[in-house]
Amino acid sequence: MQGSEAVAFRPGVMLLFVTLALLMAAVVVLSLGAGAVDISPRRVLAIFAAGLGLTDQTATPREALVLFDIRAPRTLLGLLAGAALAVSGALMQGLFRNPLADPSLVGVSSGSALAAAASIVVGDRLIAAFWPAGTTLPFAVLPAAAFLGGLITTTVLYVIATRQGRTSVTTMLLAGVALAALAGALTGLLVYVADDRQLRDLTFWSLGSLGGATWTKVAAVAPAVLLVIVAAPVLARGLNALLLGEAEAYHVGVAVQRLKRLAILLTALAVGVAVAACGAIGFVGIVVPHVIRLACGPDHRVLLPASALLGGSLLVGADVLARLLVSPSELPIGILTAAVGAPFFLWLLLRGGRGTFA
Amino acid sequence: MSLLTLSAASYGVRGKTLLNQASMTLRPGELTVAIGPNGAGKSTLLRLCCGELAPTGGRVLWDGADLASIPPWRLAAARAVLPQASSLGFPFTVAEVVRLGMETVGRKLPRAAATAIINASLASADVGHLTGRSYETLSGGERQRVHFARAVAQLAAGRAASGRDDLPQALFLDEPTASLDIHHQLLLIREARRLADSGVAVFAVLHDLSLASSCADAILLMRNGEIVAQGAPDMVLTPDWVRQVFGVETEVLQASGGGPAFAYRLP
């Protein structure tokens with residue numbers, strides 16, 4: 001590592017990644033152990049060591065069931081969804097050149113949630129009308145709807161905001177606010193016509209939860225999230241240049257339209273997949289990238305992978321709290337992230353003055 | 001030899017013609033200055049020249065090829081732009097902002113070479129002492145100088161990456177002195193002149209006639225979206241032309257030890 005700080009990453013980048021990796025390991029061990037069936041972190045480590053043939057403390061059947069069939073998929077799903085949410089936030093803030101931009105701000109999350117709600121309420125009625133009594137909605141419909149909703153919202157947004165091959169960020173932000181309001185109103189309408197059981201499902205969905213995680217769900221979500229995590233850093237240099245402005249990014253050699261299209265596509269994919277996996281969990285996408293920027297600056301080459309790490313840890317950590325606070329029941333995780341995230345967002349607004357309102 | 005040629009290039013938007021049939025040439029080693037009242041089309045001309053806008057009529061040729069056909073990353077190695085004002089709402093340091101100019105062009109440069117370029121560029125814009133400062137804490141003039149350093153670094157990185165010291169290059173400066181104090185105005189113009197002397201084709205939009213006539217090889221005088229006169233400073237910046245274009249009376253004074261100085265009054 002020769003040369004001055006001028007071209008290298010900021011000092012502390014290595015330290016940041018080591019810290020984030022350790023944090024993630026700690027949170028994962030906690031998450032595997034915490035809950036109605038309590039397994040101490042030491043016991044969790046011992047069981048995994050036994051799996052590698054290092055000790056002979058094998059798990060009891062009950063422990064094995066809880067660890068491998070319930071908590072392991074739940075923890076993995078949390079890591080994946082948290083990473084997806086944080087990376088989508090970082091991408092969107094780069095795209096909009098505004099550290100306050102967030103998928104929930106431009107209606108992408110709302111679109112996903114609307115489609116999910118529609119699949120619960122409308123899907124139920126269609127089934128009641130056309131299929132024999134007792135048939136339930138296939139499990140895959142809801143995640144697929146959430147993903148499609150996110151993609152459709154993003155595409156509509158992009159079409160509205162693009163004139164003659166140029167995307168206006170201002171139009172996109174304002175159109176996003178309008179779309180979010182529209183999606184919110186339609187979701188409200190669905191809530192109004194929903195019956196009691198559907199209402200419970202809708203609440204669960206709109207507050208977000210990692211409950212109900214299965215290996216099937218993990219396997220469905222993992223490829224898309226990994227694709228986003230691997231592909232996003234490829235855009236890092238372009239996104240760095242884009243922070244100067246669209247014209248300036250073109251001046252320094254970035255194919256701006258292509259960059260924006262790719263960033264939008266990856267954002268839609270990440271948000272859709274996260275909402276599909278665990279409902280509308282807010283504020284991860286705005287808190288995580290901000291913390292990383294405070295630690296190591298706005299360079300996307302660091303920001304994107306570091307956000308993925310911290311986002312995963314944060315969501316799994318929040319899930320541990322959600323399970324512990326009202327054990328043996330659990331809180332919807334979205335309540336926790338909002339309780340931390342919303343004041344944080346307000347603090348960002350009040351601190352202001354750093355071009356965040358530009 | 002010409003690096004950039006506009007032949008009867010026009011640009012209009014929503015039925016309004018911002019630039020009408022402009023023809024001009026930028027040559028390596030020459031500093032060309034566009035002068036004219038507000039709204040005369042100077043910035044439109046500059047944005048057409050740097051490929052940001054495509055002409056709605058006529059042609060813009062870069063080294064004989066249609067400018068729009070050159071991919072941005074290749075063009076960026078040969079031309080840099082200092083825009084009128086840049087907004088940047090993220091906490092970069094000054095050195096990082098300069099590095100943004102090399103994000104595409106200097107991607108493959110060894111770290112030592114890139115660092116050397118950044119440090120030299122910072123020094124040339126007299127912002128070397130601000131290297132580690134947060135960009136957001138700088139004044140308007142300091143920011144302008146940092147962006148000048150960024151453009152200079154981009155060109156240096158373009159030469160280094162292509163391995164050609166004689167790579168034909170162009171630098172576009174849109175009102176580069178607008179928020180600078182006198183000292184830094186002169187420093188910046190001296191740097192622009194030095195770059196031109198080293199073979200770069202420099203194009204600047206300026207408002208100060210004295211500054212323009214002291215540094216320019218050629219002046220483009222613009223009004224109402226048209227280039228009304230072009231040529232050597234002493235041919236174009238005459239009291240007659242200035243009266244026609246700006247509607248002010250001028251007296252050209254000969255300052256001792258410098259170029260001509262202009263004194264103005266309303267008629």
Side-chain angles (χ1 to χ4, degrees), chain A residues 1-11 90 93-94 96-101 163-166 169 235-259 289-290 293-303 352-358, chain B residues 13 47 50-54 71-83 85-107 109-119 121-122 131-132 134-137 147 150-151 153-154 157-158 172:
Chain A
M1 298 284 258
Q2 90 277 24
S4 83
E5 81 286 1
V7 246
F9 296 115
R10 287 194 190 174
Q93 286 144 29
F96 286 149
R97 313 202 296 120
N98 189 319
L100 293 180
R163 293 272 155 73
Q164 293 158 355
R166 303 188 78 88
V169 164
L235 306 182
R237 285 174 183 278
L239 287 170
N240 283 347
L242 192 62
L243 294 183
L244 289 168
E246 293 193 18
E248 287 81 352
Y250 166 74
H251 294 155
V252 304
V254 176
V256 177
Q257 287 304 320
R258 195 179 62 187
L259 171 75
H290 196 85
R293 273 191 215 101
L294 281 181
C296 271
D299 188 337
H300 284 88
R301 289 177 299 168
V302 175
L303 181 66
R354 303 181 77 188
T356 43
F357 306 104
Chain B
V13 60
R47 292 166 74 190
C50 61
E52 194 182 320
L53 298 177
W73 54 91
R74 189 170 323 144
L75 191 58
R79 85 80 185 83
V81 185
L82 174 66
S86 295
S87 66
L88 184 60
F90 288 83
F92 282 108
T93 65
V94 164
E96 286 170 338
V97 173
V98 174
R99 197 198 62 208
L100 288 181
M102 309 162 58
E103 203 68 270
T104 308
V105 175
R107 198 172 64 252
L109 287 182
R111 179 169 297 164
T115 307
I117 288 174
I118 288 176
N119 289 335
S121 310
L122 285 165
T131 309
S134 167
Y135 174 81
E136 293 177 309
T137 65
H147 285 294
R150 170 169 68 78
Q154 185 184 334
F172 295 90

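Every chain is numbered from 1, with letters handed out A, B, ... down the list of sequences. Everything quoted here is computed from the prediction, not taken from an experiment.
Scored by the salt bridge (Lys or Arg N to Asp or Glu O under 4.0 Å) test, Arg293(A) finds no partners at all (sequence neighbours excluded).
Nearest heavy atom pair, residue Arg258(A) against residue Trp73(B), reads NH2-CZ3, 4.5 Å. Heavy atoms only, all atoms of each residue included: Pro72(B) and Ala255(A) are closest at CG-CA, 3.8 Å. Nearest heavy atom pair, residue Phe92(B) against residue Asp299(A), reads CE2-N, 4.3 Å.
Between the OG1 atom in Thr104(B) and the NE2 atom in His251(A) there is a gap of 12.5 Å [rounded to 0.5 Å]. Going from atom CG of Leu303(A) over to atom CZ of Phe90(B) covers 8.5 Å, rounded to the nearest 0.5 Å. Distance check, rounded to the nearest 0.5 Å: CG of Leu88(B) to CZ of Arg97(A) gives 8.0 Å.
Interface remark: Arg79(B) contributes backbone and side-chain atoms alike to the contact with chain A (heavy atom separation under 4.5 Å). Both the backbone and the side chain of Arg107(B) come within less than 4.5 Å of a heavy atom in chain A. Both the backbone and the side chain of Leu100(B) come within contact range of chain A, with heavy atoms under 4.5 Å apart. When heavy atoms are compared at a cutoff of 4.5 Å, Gln154(B) approaches chain A solely by way of its side chain, counted from C-beta outward.
Your options are Val252(A), Asn240(A), Val256(A), and the one with the most heavy-atom pairs under 4.5 Å with chain B is Val252(A). Ranking Gly158(B), Pro71(B), Gly101(B), Ala80(B) against chain A, the residue ahead of the rest is Gly101(B), based on heavy-atom pairs under 4.5 Å.
Between the Arg237(A) side chain and the Met102(B) main chain, no donor and acceptor come within less than 3.5 Å of each other.
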Side chain to side chain contact (heavy atoms under 4.5 Å, CB included) for His147(B) and Glu248(A)? Distances and angles first, verdict last.
CA-CA 10 Å; His147(B) 285 294; Glu248(A) 287 81 352; over 6 Å; no
From CA spacing to verdict: side chain to side chain contact (heavy atoms under 4.5 Å, CB included), Tyr250(A), Val81(B):
CA-CA 10 Å; Tyr250(A) 166 74; Val81(B) 185; over 6 Å; no
